[in-house]
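Notes to accompany the following structure.
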Amino acid sequence: SVLRTLVMFTLLFGSEVMYRKYSSLNSIALAGLILTIANPFWIFDAGFLLSFSAALSLIIYNKYILKYIKTKNIILRDFYLFLFLQIFTLPILAHYFNYIPIMGIFYNLLLIPIFTFILIYSFALLIFGGLIVNFFIFPFRIFDYMLVSLRYLINFTENFAFNGIIVHTFSIFHNIIFYLVLTFIIYLYNEVNLEKNKNIQVKLNRKVYMIVESIFIWIIISFYFITYILTPKFDDNLNFNIMDAGQGMFINVSYKSYNLIFDCGSTSNSNLGNYTVVPYLIKNGIDKIDGVFISHWDEDHYSGLTELIKSNIDVKRIFSSYNFKTDNILNDNMGKKNIENDINLKEILSSNITVLKKDDNFKINENFSIKILWPEDEYLTENKNNSSLVVMLYYKGRKILIPGDIENDVENTIYEDLSKSDILIVPHHGSKTSSTDNFVEAVSPNIVVFSYGKNNYGIPSDEVIEKYENINSNILTTFDQGEIKFILKDEKLYYNTYKGEKSYNYYKLYFDWIIIKILVFGFFIGLIFIYRN
C-alpha cells in the first residue's frame, strides 16, 4: 500500500510540476507495473491485490458513479462507496479469506471520519506540537478512547450471525465473468445517466437500455444456473482428495451432494482442524459433512476432528471401529490414562459415534457404495492400529482401499476379502510393520498413495516402497506432491497434484461443459458489441 501510494503521489506531483494532465487510472496501472517488475510474486499477495483493488474501486467510483448520485446525505454517499468497495473486492476476499465482513461497511462509516480527522490533526501536531505540547496531545487521548471503544464494539459483534458471511473461493472463470458483469453494469449506468443529462431521445433510449439490461440479467442467471445448478446435478464424478496433513491423514470424498471425510489428524501439524481441515472445506464450498470415518483413535487420525465439529460446518455423523464410552477395550499399556486426560478427545466422545464392523455397507446409489472389511464384531486387541477400519469404496467398477494403520496380522486375516484396487492408501503410512507380500499381491494397486510428513519413525520404509515398485504401481506421496486429487469419471480415472503432476489424460476434463459455457460467454461478449453499435 505504501509503495503504491508513493508511486501514485510521485506521478501526481510530477503532473502538477510539469503542467501535464493526470490520469488516476494510468497512474495506478503504472504503479502496478512497477511493483510487479520489482517483485513478480506480489501478484499473488493478498495485501497487494487488496490494496490495488480497493484503490481502483475508489477511482472507478469517483470517476463513473459518484457524479450521478443525487443524494446530498454524506453518510448515505459514504455507504454507497463502501458497498461498492466491498463488491469490487469480493473475489479477492473470497479467495484469501472466504469471508465477507458485512458489518465492516458500518465500521468503516465510523472509522474513516475518525482517521481522516486524526491524519489532519497529526500534521498540525508535527508543525505546532513543539510550541504547545499539552494542548495538542490532549485530543489524541480522546481519539484513543474512541478507537478502543470501537474495538470493543467490533469484538462484541464478531460472533453475531449478521457480522459476515462465509463464501467459497471463486474459480478463474467465475472471476472473469464477475468483473465483466460489473464493468458492463457500470457502463450501462453511465450511458443511461449521460442520455438523461443530454435529454436526447430519453424515452426511446431508455427502452433500449431496459431490453439490453433484461437480456444481460438473463445471461447472468443462465450462467449461474449452468455452473452451479445444472452442472452439479448432472455431475456423476467421484472426487477423492488426499490432503497434505504432514505426519497424518486427511481425505475428502465428494459425490453429487454427499461429502465424506476419512480421518483428519496429524502429529506434525498442530491445529490441523483450524488451519487445514476447516479452511479446505470452506474454500471448496463444503458446508456439510454427511459422515466422518475415523479409522482408529490415534492422534494422527483424529486430531482435527474437534475443531471441525466446533466450526460452522454441519457434521451429520461420526463413524469409527470402536467407541471409548461403550467399548472397554483399552488398558493402561495403550495409554488409557493419557486418553482420559485428552481434553480434545473427551469433547469428541461427547458426540454420538456409530461403531462399524465387518460387512457393514453404505449404498449411496447403484454407482457408489462403501463396504467395511474390518474389524470383525467383538474383535479385541491391545494394538490400536489393528483395530483400524478397513474401508473399500466402489464406484462404477473401480475400487479404492483405505486400510487405516492395520499391520501384518490383520492384513493376513483379511487376505481373502481383498481384491485388485485402482487406488490404495498405503497402510500405516508405509511402515514396515504393514504391506506384507500377501497384501500387496492381493490388492495389486494401479496407484498407491503414501500419506506422511517429516518424521523420525522411518516412514515410509524403503522396503515397502520397493514392494509397490516391483508390481509397477504408480507411487504418489503427500510429502513430495502435496495435495493429490483423483477424479473418477465413468470408466476413466484422472489425477493431479499440488506440485502440478497430472495423469496423461487429465486435459480431457477441461472440456466438460466447455461448449455451453463458451456459448454463454460468447453471447455475453456479442451483446456488448451489439449494444455499442
Side-chain angles (χ1 to χ4, degrees), residues 98 166 168-169 171 232 235-266 269 271-295 300-320 348 362 364 367-370 388-389 391-395 398-404 422-426 429 447-453 476-479 481-489 493-499 509:
N98 297 110
I166 295 173
H168 66 82
T169 302
S171 67
D235 183 7
D236 196 32
N237 300 342
L238 178 74
N239 297 282
F240 183 79
N241 303 332
I242 305 102
M243 270 56 71
D244 179 10
Q247 185 56 38
M249 189 171 300
F250 171 35
I251 297 173
N252 170 234
V253 176
S254 296
Y255 176 73
K256 291 185 175 292
S257 61
Y258 294 92
N259 289 289
L260 307 172
I261 286 177
F262 292 86
D263 289 334
C264 55
S266 176
N269 290 359
N271 290 312
L272 181 81
N274 287 330
Y275 297 143
T276 302
V277 177
V278 174
Y280 175 87
L281 296 173
I282 291 174
K283 273 193 172 295
N284 286 278
I286 299 172
D287 56 8
K288 76 172 179 68
I289 299 296
D290 296 281
V292 178
F293 294 77
I294 301 297
S295 61
D300 59 338
H301 290 261
Y302 81 84
S303 66
L305 186 56
T306 305
E307 289 78 15
L308 175 61
I309 293 172
K310 287 181 176 180
S311 72
N312 293 324
I313 296 169
D314 182 20
V315 178
K316 300 291 186 183
R317 298 180 71 181
I318 300 174
F319 303 95
S320 189
I348 292 170
F362 299 86
I364 308 301
N367 294 324
F368 179 44
S369 61
I370 302 170
S388 296
L389 284 177
V391 183
M392 182 74 85
L393 308 183
Y394 298 88
Y395 172 79
R398 292 193 175 272
K399 300 175 184 177
I400 302 174
L401 182 60
I402 310 173
D422 296 278
I423 302 170
L424 167 69
I425 306 300
V426 178
H429 315 282
I447 302 173
V448 295
V449 177
F450 289 83
S451 179
Y452 72 97
L476 301 172
T477 76
T478 57
F479 183 79
Q481 277 94 21
E483 181 188 5
I484 302 167
K485 293 184 176 182
F486 291 96
I487 298 173
L488 282 69
K489 179 179 173 64
L493 189 153
Y494 311 85
Y495 71 83
N496 74 325
T497 72
Y498 178 80
K499 289 290 186 71
L509 290 172

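Keep in mind it's a predicted model, so treat the numbers as computed, not measured.
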So which atom in [X] and which in [Y] form the shortest heavy-atom distance, rounded to 0.1 Å?
X: D290; Y: S257; answer: OD2-O, 3.7 Å
X: S303; Y: S266; answer: OG-N, 2.9 Å
X: N274; Y: E307; answer: OD1-CG, 3.2 Å
X: V448; Y: V426; answer: CB-CG2, 3.9 Å
X: N269; Y: G246; answer: ND2-N, 3.7 Å
X: K489; Y: L509; answer: CD-CD2, 4.0 Å

So, taking the atom named [atom1] in [X] and the one named [atom2] in [Y], what distance separates them when rounded to the nearest 0.5 Å?
X: I370; Y: F319; atom1: CD1; atom2: CZ; answer: 8.5 Å
X: D300; Y: M249; atom1: CG; atom2: CE; answer: 8.0 Å
X: I423; Y: L476; atom1: CD1; atom2: CG; answer: 9.5 Å
X: I402; Y: L389; atom1: CD1; atom2: CG; answer: 10.0 Å
X: L393; Y: L488; atom1: CG; atom2: CG; answer: 9.5 Å
X: M243; Y: I484; atom1: CE; atom2: CD1; answer: 10.5 Å

Do [X] and [Y] have side chains that approach each other closer than 4.5 Å (heavy atoms only, starting at C-beta)?
X: I400; Y: Y395; answer: no
X: P403; Y: L424; answer: yes
X: K256; Y: D236; answer: yes
X: N98; Y: T169; answer: yes
X: Y498; Y: D244; answer: no
X: I261; Y: L281; answer: yes
X: D287; Y: N312; answer: no

Checking [X] side chain against [Y] main chain: does a donor-acceptor pair fall under 3.5 Å?
X: T497; Y: E483; answer: no
X: S320; Y: I294; answer: yes
X: D263; Y: F250; answer: no
X: D235; Y: N237; answer: yes
X: N241; Y: K485; answer: no
X: N252; Y: L260; answer: yes
X: T477; Y: F450; answer: no

Residue that, paired with F486, satisfies side-chain contact (heavy atoms from CB on, under 4.5 Å) out of N239, V253, L493 |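 So, applying the side-chain contact (heavy atoms from CB on, under 4.5 Å) to F486 and each of N239, V253, L493, only L493 qualifies.
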
Parallel, tilted or perpendicular for H429 and H301, by the 30°/60° rule?
->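 Tilted, since the angle between the ring planes falls between 30° and 60°.
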
Geometric class of the F293/F262 ring pair [parallel <30°, tilted 30-60°, perpendicular >60°] =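 Ring orientation of F262 relative to F293: parallel.
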
Working for ring pair (Phe, Tyr, Trp, His ring centres under 6.0 Å), residues Y258 and F362 = CA-CA 12 Å; Y258 294 92; F362 299 86; over 10 Å; no

